Amino acid sequence: MALRVVFADDNFLVREGISALLTEAEDVELVDVVTDPAALLESVARYRPDAVLTDIRMPPTFTTEGIDAAKRIRADHPSIGVVVLSQYVEEDYAFDLLSEGVAGLGYLLKERVSQRDELLRALYDVARGGSVLDSRVVEGLLARKAQETRSPLPGLTDREREVLQELAAGRSNEATAKALFMSTRAVEKHISSLFQKLGLADESDVNRRVMAVLAFLEATGGPAGR
């Protein structure tokens, strides 16, 4: 069955362009397009889509309306996934979006929209209860903290920190091993150690990879880097 999507964006050109991309996808049904958060919440309640795609800044204040709507949708309709789109890397907004739970939520830069397969993959992932975090947002989080401190978390080794950064960027164990010139088994051991140190070893109902990043940021008072 086609993935049923509701899309919200106040910018006419962006709205038309993304709507065309979604409409052209054979496995997506664009059931409604709206321009503000109130209309978005009403549309979601009416159509009960599988996933929502929303801009982060919408009327009336053009600040966090998209994030606020995403949280409301996830609270009222936990089976509906939400991907929030942002024009720029806004680390604080990303952390705010995911800080209360990561299941069914995504944060992507609008530049990714041109890569339709990546956008569709994100929508399908959140619809299944997964999480999507743009790699550039992760890099921004890590780079900003790197300017403030060289010790992100006392309990993590330098190697574990490197593995966590690769993990946070969405890379698989195999890709992480290749990037860090390690064996896949070594990466698995480091990840297991990370989960243990961040109190996630026994988690089963959340995306532990994203939760590891959030716990890492929270423990340091913000983003961190190598």
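Index from 1, following the sequence. Quick caveat, the model's predicted, so the values are computed rather than measured. As a basis for the values below, the full set of heavy atoms in this structure was taken, side chains included, without hydrogen atoms, waters or symmetry mates.
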Legend entry - Short side-chain to backbone donor-acceptor contact, D50 and A127, under 3.5 Å: no
Legend entry - Side-chain donor/acceptor of R57 to backbone N/O of G66, under 3.5 Å: no
In the structure I gave you, are the side-chain heavy atoms of [X] and [Y] within less than 4.5 Å of one another anywhere?
X	Y	answer
E65	P60	yes
T54	V82	yes
K178	T176	no
D125	V83	no
Y93	V84	no
L53	L22	yes
L180	V163	yes
I73	L41	yes

Give the minimum heavy-atom separation between [X] and [Y], together with the two atoms involved.
X	Y	result
L120	A25	CD1-CB, 3.8 Å
P37	P59	CD-O, 3.1 Å
E166	A179	OE1-CB, 3.9 Å
A39	D36	N-OD1, 2.8 Å
T35	D10	O-CB, 3.5 Å
G106	V126	N-CG1, 3.7 Å

Legend entry - Test: D55 and K110 ion pair at under 4.0 Å: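 Result for this pair is yes, salt bridge flagged.
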Legend entry - Salt-bridge present (R121, E118; N to O < 4.0 Å): no
Inset, instruction - Show your working on side chain to side chain contact (heavy atoms under 4.5 Å, CB included) between L123 and V28 and close with a plain yes or no. - result: CA-CA 10 Å; L123 289 169; V28 171; 5.6 Å; no
[atom2] on [Y] to [atom1] on [X], rounded to 0.5 Å:
X	Y	atom1	atom2	result
L108	I56	CG	CD1	11.5 Å
H190	N173	NE2	CG	11.5 Å
M182	K189	CE	NZ	10.0 Å
S43	R48	OG	CZ	11.5 Å
D68	M58	CG	CE	9.5 Å
L30	L3	CG	CG	10.5 Å

Inset, instruction - Identify which one of R116, Q115, E16 satisfies the side chain to side chain contact (heavy atoms under 4.5 Å, CB included) criterion when paired with L21. - result: R116
Inset, instruction - List the steps, then state whether side chain to side chain contact (heavy atoms under 4.5 Å, CB included) holds for L85 with I18. - result: CA-CA 11 Å; L85 292 175; I18 295 179; 3.8 Å; yes
Legend entry - Heavy atoms from other residues, nucleotides or ligands near CZ of R159 exceed 12 (cutoff 6.0 Å):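 Yes.
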Inset, instruction - Verify the neighbour count for atom CZ of F62: are there more than 12 heavy atoms of other residues, nucleotides or ligands below 6.0 Å? - result: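 Yes, enclosed.
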